[in-house]
Amino acid sequence: MHSLYSEQGGNFRKDLFLAYKTLGVVFGGLVTSPLYVYPSMNLASPTKDDYMGLYSIMFWTLTLIGVVKHADIGILPSKKVYSEEEPLLQNQSAADRRPSSLGKFFERSMTARRVLLFMAILGMCMLIGDGILTPAISVLSAIDGLRGPFPTVSKPVVEALSAAILIGLFLLQKYGTSKVSFLFSPIMAAWTFTTPIIGVYSIVHYYPGIFKAISPHYIVRFFLRNKKEGWRMLGGTVLCITGVEAMFADLGHFSKKGIQIAFLSSIYPSLVLTYAGQTAYLINNLNDFSDGFYKFVPRPVYWPMFIIATLAAIVASQSLISATFSVIKQSVVLDYFPRVKVVHTSQHKEGEVYSPEINYILMVLCVGVVLGFGAGNAIGNAFGVVVIMVLLITTIMLSLVMTIIWRTPTVLVLLYFVPFFIIEGSYVSAVFTKIPEGGWLPFAVSMILALIMFGWYYGRQRKMEYEMANKVTVERLAELLARPEVQRVPGLCFFYSNIQDGLTPILSHYIKNMSSLHEATVFVTLRYLLVAKVDERERILVRSLGPTGVYGCTVQYGYADSLAGGDLVAQVTSCLRRHVETEAGAHEAARLEAARNAGVVHVRGKMRFYVGEDAGWFDRVMLGFYEFLHGICRSALPALGTPLQQRVEIGMLYKV
């Protein structure tokens, strides 16, 4: 019993510590939203009742989408994780194994599957759009605090200072965040716990009756009074939940319970009190909404709050930039995004990554947003589109998962889907009116990214299907080598392939056209593992493939392992020599050494699509686009540092 309590106490302390750490990583965008929510609203002669209605909308939006939607209410079936040895279908009854009617529809309809895939990709691209807009709106709103004490500071000066801070932040990305990340949580904790204190002061000082607005009838009165204009204002109030769409995106680093503890015990109360304080101030100062945050900060603590706000905005920006790098890296690994350079900035944390190309694209877009849209409400309009579209897509996708995979009863699915679809659909209809006023930007960026990802994924899938259907087996290789016209030429060849089970079809193409194969040929497959460094004993695995002088080699490497330089080739050759001496004896080892002395060559295949006139329009467009992306992206092979004179590329056309 004592050990059980000790274990529970230890787990609770661990969850509390993780909850504290989430403040600096998970909730940066959400908890800094008071900086820009009211300034982003295009209010015209607002009244006390307008502010009461707006606060009521924000309170219930935070409560329903932030608390209720993400609560673990226990009515859904257990999301058990099945191993490869224990497949999902083997653990279901015969009735459960049969696909649902919705599942059958998606199985039958290729168009439906493509639409679903594109929608999921679009949601992820909208999340990447956060990495552009969060730094822009957070830093710009924080630096705007200079204009209160110094009215002579113009908007262009604020934009220039914000752009300079963002450029500095992006230029520091290549050094990683390990050395300063310990400051993130204290900074965000200072922000999270000071803003509600000011909120309480403002409530007491300006309007103690603000919490009457919790009553939903204020929302009804707001819409009855403002009609279409009130509906359009939803595009500004949606910003109160910026960041909630990515609340559980960091489950790889934090526990679900830790995230929930942090949100319910600190983030949610902090936002409710801060917005209440802001609204209480604005009820007494009706036209100060354009600077709705700094105006409600008492003068004695103005500069400390300005410093905390600026630091919190930078931390929130860093969190979204890091998350964007992480999403891009995972997309590259899953073959959903063209290959870009990904650098691990920490040898201890697999998740700390940096991509130079993505970093500079984000920097240009971020600074462009600040300088191009900083003077009005356009950034807020753009941000609203991103936030609510991600939430709506998540609602739709989760409802499909509940129906098709979890087999949740239809009544429970509807209890989840209908209310949130109505709430988020209303917000979407409102933010769509903002598309001409800045909302087009994230939509355009996300659509371009989604098209790139969809085109790349489609091309990679078609290529993989062809390779698996036409892969060369060991038996087929023996047949090819047995042909009288095929000669074994002196030398050691490293033939790189990405097929784990079998050999690349390019090998057959090569042997048929060249009528030769090197005396010693090693088919090398590189396998990336999610560890820092692979143990030396497990790094290189060599095996004989059957025909004389033909070997298979798997090189396993982690994110902190270096494959550059001639060291890898020397290691593979050394392992190969030991394998040959053990398996085939000294004669075969001498033959291998002679082949190496005759010359070493590194062969890489490059398969391209040939899109004929008889191909369908979809294939012509998507595969043509894939070929363009393939031509400008990085090689699939890591930089192995092999001498240029030893490299050979073999091309092969695959007719669609």
Side-chain angles (χ1 to χ4, degrees), residues 23 27 29-41 43 46-68 141-142 145 148 188-223 225-226 230 233-234 236-244 262-302 305 308-309 312 380 423:
L23 296 179
F27 296 110
L30 178 59
V31 82
T32 54
S33 59
L35 282 169
Y36 45 77
V37 170
Y38 273 117
S40 296
M41 292 185 193
L43 301 177
T47 64
K48 172 189 169 182
D49 285 342
D50 287 337
Y51 283 121
M52 294 289 278
L54 288 170
Y55 179 69
S56 190
I57 292 170
M58 288 192 284
F59 173 83
W60 285 107
T61 301
L62 277 167
T63 303
L64 293 174
I65 295 180
V67 178
V68 177
S141 300
M188 296 313 295
W191 170 265
T192 303
F193 296 117
T194 53
T195 51
I197 292 172
I198 296 174
V200 170
Y201 166 82
S202 184
I203 292 166
V204 173
H205 191 69
Y206 293 107
Y207 190 67
I210 184 63
F211 288 113
K212 290 187 298 185
I214 290 176
S215 172
H217 89 276
Y218 280 95
I219 299 176
V220 176
R221 287 172 55 184
F222 175 80
F223 286 118
R225 187 171 55 257
N226 290 285
M233 280 188 228
L234 287 175
T237 56
V238 73
L239 295 179
C240 72
I241 48 167
T242 53
V244 79
F263 181 76
L264 294 173
S265 66
S266 58
I267 304 300
Y268 176 69
S270 173
L271 289 171
V272 167
L273 291 172
T274 303
Y275 284 124
Q278 281 185 280
T279 310
Y281 169 81
L282 290 171
I283 284 172
N284 278 265
N285 301 272
L286 296 174
N287 294 313
D288 280 357
F289 59 87
S290 61
D291 190 8
F293 178 77
Y294 282 109
K295 285 283 178 71
F296 104 111
V297 175
R299 292 298 122 188
V301 295
Y302 189 94
M305 282 308 299
I308 293 173
I423 294 169

Please report the closest heavy-atom contact between T242 and Y36, naming both atoms and the distance.
OG1-OH, 3.0 Å
State the CG-CG distance between L30 and L239, to the nearest 0.5 angstrom.
11.5 Å
Do Y294 and Y302 have ring centroids that are under 6.0 Å from one another?
yes
Full working for side chain to side chain contact (heavy atoms under 4.5 Å, CB included) between K295 and N285:
CA-CA 9 Å; K295 285 283 178 71; N285 301 272; over 6 Å; no
Testing the basics here: between C240 and L62, what is the closest heavy-atom pair and its distance to 0.1 Å?
O-CD2, 3.5 Å
Going from OG1 on T63 to CG on L271, what distance comes out if it is rounded to the nearest 0.5 angstrom?
10.5 Å
Measure up the F211 and Y55 rings against each other and bin them: parallel (under 30°), tilted (30 to 60°), perpendicular (over 60°).
perpendicular
Under a 3.5 Å cutoff, is there a donor and acceptor pairing between the side chains of Y275 and S33?
yes
As an exercise, state the distance from CZ of F193 to CD1 of I198, rounded to the nearest 0.5 Å.
14.5 Å
Quick one: does Q278's side chain have a donor or acceptor within less than 3.5 Å of a partner on P34's backbone?
yes
Would you say the side chain of M58 lies within less than 4.5 Å of the side chain of V37, judging by non-hydrogen atoms?
yes
Side chain to side chain contact (heavy atoms under 4.5 Å, CB included) assessment of L234 paired with F223
CA-CA 10 Å; L234 287 175; F223 286 118; 3.9 Å; yes
Is the distance from the ring center of Y281 to that of Y206 below 6.0 Å?
yes
According to the interplanar angle, ranging from 0 to 90°, do the rings of F293 and F296 count as parallel (below 30°), tilted (30 to 60°) or perpendicular (above 60°)?
perpendicular
Would you say that Y51 contacts Y38 through its side chain, given a criterion of any heavy-atom pair below 4.5 Å between the two side chains?
yes
Given side chains that start at C-beta, do those of I283 and M52 come closer than 4.5 Å, heavy atoms only?
yes
Min side-chain heavy-atom separation T47-L286 under 4.5 Å:
no
If you take all heavy atoms of A213 and S56, which pair is closest and at what distance?
O-OG, 2.7 Å
What's the separation between atom CG in D50 and atom CG in L43, rounded to the nearest 0.5 Å?
7.5 Å
Does any non-hydrogen side-chain atom of F27 lie less than 4.5 Å from one of T32?
no
S40 side chain to G236 main-chain N or O, any donor-acceptor pair under 3.5 Å?
no
Using side-chain heavy atoms (C-beta onward) and a distance below 4.5 Å, is H205 in contact with N284?
no
In short, T192 meets T195 closest at the heavy-atom pair O-OG1, 3.8 Å
Does any part of the side chain of I197, heavy atoms only, come nearer than 4.5 Å to the side chain of V200, both counted from C-beta?
no
Beyond-backbone contact of V238 with T61, side-chain heavy atoms, under 4.5 angstrom
no
Excluding sequence neighbours, so at least two apart, what forms side chain to side chain contact (heavy atoms under 4.5 Å, CB included) with H217?
S215, R221
Chi angles and distances behind the side chain to side chain contact (heavy atoms under 4.5 Å, CB included) call for L54, T279:
CA-CA 9 Å; L54 288 170; T279 310; over 6 Å; no
Starting at CD1 of I423, measure out to CD1 of I57 and round the result to the nearest 0.5 Å.
12.0 Å
Write down the atom of S202, the atom of G277, and the distance for their closest heavy-atom approach.
OG-O, 2.7 Å
Is it the case that the side chain of W191 and the backbone of A309 share a donor-acceptor pair, with hydrogens and angles ignored and the cut-off at 3.5 Å?
no
Closest heavy-atom contact between N287 and P46?
OD1-CD, 3.8 Å
